[in-house]
Structure formats: C-alpha cells, structure tokens
Amino acid sequence: MATPNGLDSVFGVHAVKAMLERGESPHEMWVQEGDAGRRLAELIDTARSRGARLKAVPRDELDRLSQGASHQGIIAFCPPLAPASEESLWLQLRAWPHDTPPLLLILDGVTDVHNMGACLRSADAAGVHGVIMPKDRSASLNATVRKVACGAAESVPVYQVTNLARAMERLKELGVWITGTAGDADHSLFEVDFSGPTALVMGAEGKGMRRLTREACDRLVKLPMAGQVSSLNVSVAAGVCLFEVVRQRTSTL
C-alpha cells in the first residue's frame, strides 16, 4: 500500500514520539478510529501544532499499511530520514562535548533493514554516540528500519561515509581505537580494554568485514561460542559487544 505523496511511514507510539522529540514535523498523521484519539492525545496535539494533517482511519487500513506490524493505532508520514554528513562526525569528535569517551558503532555491509534497525536499537540502549556506515552496501534508513529501531533511528546519529577504510584511518588520527569482530581473532571480546575512545566494527552476516575494513582495525576480537552455531546474528553480536563496553565503563565509575 503506497504512502501519501511517497512519504515514509513511521508507526508505533515509541517511533512516532521519538520522531516528534527530535523536532521532525510529520506532513500527515493517521489515527485509528475510536478511542485511540484520547489515548494518543499528546502525540496528536504535538503533530497538529506543527501543521500535520490528521486523519481518522479504520484499523484494517493501518494494518495494511504497516503490513501486519504493531502500529498501536498511529502512523505518521514524513520525509525520508537522511543520515548525517561525514563532516559533522569530524566536527563532533574534534570538539567532543561529553564526559564519557566516544563510543561508535561501525556497520560494514549490513544491508538487511531488519538487522540495521535492530543494531540501531541496541546502539541506543548502550548509549552509542553515533553509528557509521558506508554509502554503498548499507541498508537505507527506510520505514522498516525506523519501525524495527523503535525510535532509535531518530535518537542515534547515523553518519554516512564515502570511503569506510579512509574514515577509519581518520578516526584513529582523532584518538579512537577501532576494534573489529572476527571469528578467527586471537583474543576474546572480554580480554580487551574498552575504557578509552572506542569504535566497534560489525561486518555483514556470512561474509563479515571486507578486507580493507579488517586491515584498518587496530585489533580484532571474537565472541566465545560454546554451542554448535559458528556465529550470531549481527544485531545480537552488536548488542553483546556494546554492552561489554558499557559493563567495563560502568565498573570503573
């Protein structure tokens, strides 16, 4: 089912709320007929104050547009979410505004939109300051990514770079240690110190990191696997790695 004027659909209370809190103004918002208007009054009032056109629609119409996913009675329509520029990443790192060291997540070749959304959700939960991805061979920040991310696509800066290996060298020049994940690494994730400025690199499922990406890493780590499977879904692996960083940094406070 096509969206109005080719806009992106953002559905679910958390995703719509995050979009509004970010300052985005939806062009249109569909709300389920019935008592949903009272339940979602705050979101509706905010959207209306920013000029959004409101439309009450039956639930089956929302179901069709969200393809059966949980829309919670609300869908907002807005321009596609654009990644931040590479230059804004360097400006951010040169004038670092936070008390904690940078924590960045690099996604190399993650093209599945569900995996991308789940990685963004884990990044948000772990307090990641930015996600870096190459312009080529990456999932776009479309409606499915935004839905799976549950608002994280709006809250976590996503930086798109032209040349990932070159961007990684620039990160190292700015004092960021880059740790790649690979099943054949010599060291376990739990043997490495992540207390300083850190970027974690996750490769695509199956193929892993590209050769130039791997060579640009300062070090490689692996997740100890005790069962029969040889690897984890990239979003699960990203969550495990990120929260090891969180654990280490929290224990030193």
N/O donor-acceptor pair under 3.5 Å between [X] side chain and [Y] backbone:
X: Arg249; Y: Pro101; value: yes
X: Arg210; Y: Ala165; value: no
X: Gln72; Y: Val13; value: yes
X: Lys207; Y: Gly109; value: no
X: Gln248; Y: Phe194; value: yes
X: Asp218; Y: Ile178; value: yes
X: His27; Y: Phe77; value: no
X: Ser88; Y: Ala84; value: no
X: Ser138; Y: Lys135; value: no
X: Asp108; Y: Ala204; value: no

Within 6.0 Å of CD in Glu42, more than 12 heavy atoms from elsewhere: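 12 or below, so no.
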Could you tell me which non-hydrogen atom of [X] sits nearest to which non-hydrogen atom of [Y], and how far apart they are?
X: Val131; Y: Ala123; result: CG2-CB, 4.0 Å
X: Leu40; Y: Gly73; result: CD1-O, 3.7 Å
X: Pro134; Y: Leu107; result: CD-O, 3.2 Å
X: Cys119; Y: Ser235; result: SG-CA, 3.6 Å

Stepwise side-chain contact (heavy atoms from CB on, under 4.5 Å) test for Thr198 and Leu104: CA-CA 6 Å; Thr198 296; Leu104 303 169; over 6 Å; no
Side chains of [X] and [Y], heavy atoms from C-beta outward: is any pair under 4.5 Å?
X: Pro80; Y: Leu141; answer: no
X: Leu220; Y: Thr181; answer: no
X: Phe243; Y: Thr250; answer: no
X: Met202; Y: Val110; answer: no
X: Leu200; Y: Val221; answer: no
X: Thr213; Y: Val201; answer: yes
X: Leu65; Y: Val57; answer: no
X: Pro26; Y: Leu20; answer: yes

Tell me whether [Y] is reachable from [X] by hopping between hydrophobic residues (I, L, V, M, F, W, Y) whose side-chain heavy atoms are closer than 4.5 Å.
X: Met116; Y: Val234; result: yes
X: Ile106; Y: Val246; result: no
X: Trp96; Y: Met168; result: yes
X: Val16; Y: Leu54; result: yes
X: Leu164; Y: Leu93; result: yes

Could you grab the distance from atom [atom1] of [X] to atom [atom2] of [Y], nearest 0.5 Å is fine?
X: Leu174; Y: Glu169; atom1: CG; atom2: CD; value: 11.5 Å
X: Arg59; Y: Glu33; atom1: CZ; atom2: CD; value: 12.5 Å
X: Cys78; Y: Asp8; atom1: SG; atom2: CG; value: 6.0 Å
X: Leu62; Y: Trp30; atom1: CG; atom2: CH2; value: 7.5 Å
X: Lys222; Y: Cys241; atom1: NZ; atom2: SG; value: 13.5 Å
X: Ser188; Y: Glu244; atom1: OG; atom2: CD; value: 8.0 Å

side-chain contact (heavy atoms from CB on, under 4.5 Å) evaluation trace for Leu242 with Val128: CA-CA 8 Å; Leu242 290 171; Val128 166; 3.6 Å; yes
Salt-bridge present (Arg94, Glu87; N to O < 4.0 Å):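 Yes.
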Ionic contact status for Asp186 with Arg219, cut-off 4.0 Å: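 Salt bridge between Arg219 and Asp186, a charged N being under 4.0 Å from a carboxylate O: no.
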Donor-acceptor side-chain pairing of Trp90 and Gln92 below 3.5 angstrom: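 No, no side-chain donor-acceptor contact under 3.5 Å.
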Check: Asn115/Asn233 side-chain N/O donor and acceptor closer than 3.5 Å: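 Result is yes, a qualifying pair exists.
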Evaluation steps, side-chain contact (heavy atoms from CB on, under 4.5 Å), between Met133 and Gln160: CA-CA 5 Å; Met133 62 182 189; Gln160 194 176 69; 4.1 Å; yes
Val113 and Val148: CA distance, side-chain angles, deciding distance, side-chain contact (heavy atoms from CB on, under 4.5 Å) verdict: CA-CA 8 Å; Val113 291; Val148 175; over 6 Å; no
Worked verdict on Arg146 versus Glu154 for salt bridge (Lys or Arg N to Asp or Glu O under 4.0 Å): CA-CA 8 Å; Arg146 297 174 80 156; Glu154 288 76 24; 2.6 Å; yes
Salt bridge (Lys or Arg N to Asp or Glu O under 4.0 Å) between Asp124 and Arg121, intermediate numbers included: CA-CA 5 Å; Asp124 176 80; Arg121 188 171 181 177; over 6 Å; no
Whether His129 and His98 hold their rings parallel, tilted or perpendicular, with breakpoints at 30° and 60°: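 Ring orientation of His129 relative to His98: parallel.
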